[in-house]
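Here the structure is laid out as structure tokens; the discussion comes afterwards.
Values below: all heavy atoms of this structure, side chains included; hydrogens, waters and symmetry mates excluded.
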Amino acid sequence: MSMTRRKKPELLIPAGSLEVLKTAVIFGADAVYIGGEAFGLRAKAKNFSPAEMAEGIAFAHAAGVKVYVTANILAHNEDLGEAAAYFEELRDMKPEPCDALIISDPGLFAIAREVWPQAEIHISTQANNTNYGTYLFWWKQGAKRVVSARELSLAEIRFIREHIPGEMEIESFVQGSMCISYSGRCLLSNYFTGRDANHGECTHPCRWKYAVVEETRPGEYMPVYENKRGTYIFNSKDLCMIEHIPELVEAGIDSLKVEGRMKNALYVATMARTYRRAIDDFFASEEMYRSNGEWYRAEIAKCTYRQYTTGFYFGKADENTQIYDNSTYVNEYIYLGIVEELSAETGMVRIEQRNKFSVGDEIEIMKPDGRNAAVKVEAMSDENGAPMESCPHARQTVWVKLSQPAVQYEVLRMQKAG
């Protein structure tokens, strides 16, 4: 591939909280996308209060990282009344506003354009962006970027790139959960639980087990496929394109997007760091990128995942993109916490623990530069300095003495036993 043809793509990382945003920035994101307390499609994520959003934007901007705010619900009538006030709040945020809004609904788009004419607007994948005509439509309305539908192949994206203005941007997902419904527009959650996926309240019923019942044989459950107890027929594998950076770049994609605003800091640190290195390696030399493939794959596999697929990028999805026999994740590493503070006096680090670990455990420090430092937990105390042997209570604040030092924002993880 001729590198003169394409620019280095942006690495866009999700963040569901201020802590995770800072992790994404430190571990290599070019841009971060977040949700406020309204109008985003991840109602169950912690999301950002106005004060947290202002702090997060300032932190990111200080590092040269952009922040995009999601307002991508499919709005109902009652949503529109509050939209203007919300966009005004984002417009007037101090010390500075976000870099772009992510919108799918034309009504919200029109309100945003009226309230904040200078805002850069990106069109969400929820808008079903499957052809160059749709891209041109949104360009004429004033959108800067369109997120491609996940149903598109790389050949289709390349064709779109050739038929839209050069300054218009294409954003595409490269990693994360895949929805069974067209561009994520699913009704299962609303039907089964009354919680609307298109309002950010998805309960993920596509991961549940299903069987078929014939109308005249009530109570007789017949398997759809695979086993006698039912099948996870709607349960798609997770997308992973870490081995296909050259093809993504050649297709003309401007922003490589990782899915996961519900994910923790370990996931975000892993994805940001691994894709950062893969992109940089490729633009340094394709030979370097190819030679480091084993490291990329090994690091990605340390995150919780469902099995991986390349989705629709190389053609239509088939039976190999679904998981029929279980709904469980592959989970080899445990997230312990982020280093929040280092005591110069004691050499101990403070974390808010996310899983139990004990004095004497062998754990790992994830460093933003790609290194993983194996260390031993030598001592532990509570926030008042009282010695502890372990930290069994969720989200406990603890001070930890490690066999070698860690610094702020580095991530601690531990391999699962067995």
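Using a 4.0 Å cut-off between a side-chain N of Lys or Arg and a carboxylate O of Asp or Glu, Arg145 and Glu171 qualify as a salt bridge. A salt bridge does not link Arg158 to Glu162: none of the charged side-chain nitrogens sits closer than 4.0 Å to a carboxylate oxygen. Using a 4.0 Å cut-off between charged side-chain N and carboxylate O, Asp254 and Arg161 make a salt bridge. Glu340 and Arg350 are joined by a salt bridge, as a carboxylate oxygen and a charged side-chain nitrogen come within less than 4.0 angstrom of each other.
A donor-acceptor pair under 3.5 Å is absent between the side-chain atoms of Glu156 and the main chain of Asn131, judged by distance alone. Counting only distance, with no hydrogens or angles, the side chain of Ser104 and the backbone of Asn72 share a donor-acceptor pair below 3.5 Å. Side chain of Thr134 to main chain of Thr130: no donor-acceptor pair is present (N/O by atom type, distance under 3.5 Å, no hydrogens or angles). A distance-only check finds no donor-acceptor pair linking the side chain of Glu114 to the backbone of Ile111 [under 3.5 Å]. The backbone N or O of Val20 lies less than 3.5 Å from a partner atom in the side chain of Ser17, making a donor-acceptor pair. Side-chain atoms of Glu389 do not come within 3.5 Å of backbone N or O of Val359 as any donor-acceptor pair. At distances below 3.5 Å, at least one donor-acceptor pair connects side-chain atoms of Asp105 with backbone N or O atoms of Ala75. Proximity of a side-chain donor or acceptor of Thr274 to a complementary backbone N or O of Met271 within less than 3.5 Å is not detected.
Between Ala272 and Leu11, the closest heavy-atom pair is O-CD2, 3.5 Å. Among all heavy-atom pairs drawn from Val65 and Ala29, the shortest one is CG2-O, 3.3 Å. For Phe87 against Ala71, the heavy-atom pair with the smallest separation is CE2-CB, 3.9 Å. Of all non-hydrogen atoms in Ser124 and Asn129, the two that sit nearest each other are O-ND2, 2.9 Å. Contact between Phe283 and Lys7 at its shortest, heavy atoms only, is CZ-O, 3.6 Å. Nearest heavy atom pair, residue Ser148 against residue Leu152, reads CB-CD1, 3.9 Å.
Only one option out of Leu21, Ile102, Leu18 pairs with Ile34 in a side-chain contact (heavy atoms from CB on, under 4.5 Å); it is Leu21. When each of Arg371, Arg413, Arg276 is paired with Glu299, the salt bridge (Lys or Arg N to Asp or Glu O under 4.0 Å) condition holds for Arg413 and for no other. Test Ile365, Ile351, Asn264, Thr23 against Val411 for side-chain contact (heavy atoms from CB on, under 4.5 Å) and you get one pass: Thr23.
Taking 4.5 Å as the limit, every side-chain heavy atom of Pro97 sits out of range of all side-chain heavy atoms of Arg91. Looking at heavy atoms from C-beta onward, Val258 lies in side-chain contact with Tyr267 at the 4.5 angstrom threshold. Side-chain contact between Val339 and Val407 is absent, with no heavy atoms from C-beta onward closer than 4.5 Å. The shortest distance between side-chain heavy atoms of Leu90 and Phe39 does not fall below 4.5 Å. Considering only heavy atoms from C-beta on, Glu52 stays 4.5 Å or farther from Pro50 through its side chain. Side-chain contact between Pro165 and Leu136 is present, with at least one heavy-atom pair separated by less than 4.5 Å. Looking at Leu154 and Leu248, their side chains come closer than 4.5 Å, going by heavy atoms from C-beta outward. Between Ser403 and Glu378, the closest side-chain pair of non-hydrogen atoms falls below 4.5 Å.
Counting non-hydrogen atoms of neighbouring residues, nucleotides and ligands closer than 6.0 angstrom, the OH atom of Tyr132 reaches no more than 12 such neighbours. Heavy atoms from other residues, nucleotides or ligands lying under 6.0 Å from NZ of Lys367 number more than 12. The local environment of CD in Glu167 is crowded, with over 12 non-hydrogen atoms from other residues, nucleotides or ligands closer than 6.0 Å. Within 6.0 Å of CG in Asn77 there are 12 or fewer heavy atoms belonging to other residues, nucleotides or ligands. Other residues, nucleotides and ligands contribute at most 12 non-hydrogen atoms within 6.0 Å of the NZ atom of Lys376. Heavy atoms of other residues, nucleotides or ligands lying less than 6.0 angstrom from CD of Glu341 number more than 12. Remark: Gln408 CD is packed, more than 12 non-hydrogen atoms of other residues, nucleotides or ligands lying under 6.0 Å away. Atom CD of Gln404 has more than 12 neighbouring heavy atoms from other residues, nucleotides or ligands inside a 6.0 Å radius.
Side-chain atoms of Tyr275 and Gln175 include a donor-acceptor pair closer than 3.5 Å. Side-chain contact annotation: Glu10 with Ser255, donor-acceptor N/O pair under 3.5 Å present.
A distance of 4.5 Å separates CD1 in Ile363 from CG in Leu412, rounded to the nearest 0.5 Å. Note that the OH atom of Tyr289 and the CG atom of Asp280 stand 12.5 Å from one another [nearest 0.5 Å]. Remark: Thr397 OG1 to Asp382 CG distance equals 9.5 Å, nearest 0.5 Å. Taking CE of Met348 as the start and OG of Ser343 as the end, the distance is 8.5 Å to the nearest 0.5 Å. Once rounded to the nearest 0.5 Å, the distance linking CD1 of Ile334 with CG of Asn355 reads 6.0 Å. Separation of atoms CD (Glu352) and CD1 (Ile338) is listed at 9.5 Å; rounding is to 0.5 Å.
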Passes ring pair (Phe, Tyr, Trp, His ring centres under 6.0 Å), His163 versus Tyr135? Steps please. CA-CA 9 Å; His163 288 80; Tyr135 277 67; over 10 Å; no
Going through the checks in order, is the side-chain contact (heavy atoms from CB on, under 4.5 Å) test met by Asn372 and Met366? CA-CA 5 Å; Asn372 300 316; Met366 286 183 66; 4.0 Å; yes
Could you go step by step and tell me if Phe312 and Ser153 meet the side-chain contact (heavy atoms from CB on, under 4.5 Å) rule? CA-CA 5 Å; Phe312 295 82; Ser153 67; 5.7 Å; no
May I have the step-by-step check of side-chain contact (heavy atoms from CB on, under 4.5 Å) for Leu336 and Glu364, ending in yes or no? CA-CA 10 Å; Leu336 302 181; Glu364 195 170 79; over 6 Å; no
Given Arg395 and Arg354, is the side-chain contact (heavy atoms from CB on, under 4.5 Å) satisfied, shown in steps? CA-CA 5 Å; Arg395 303 183 80 93; Arg354 300 308 167 90; 3.3 Å; yes
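A ring-centre distance under 6.0 Å is not found for His244 and Tyr313. Ring pair Tyr409/Phe59: centre-to-centre distance below 6.0 Å.
Under a cutoff of 6.0 Å and an axis angle of 45°, Arg150 and Phe173 form a cation-pi pair. Cation-pi check for Lys257 over Tyr33 is met; the charged atom lies under 6.0 angstrom from the ring centroid and within 45 degrees of its normal.
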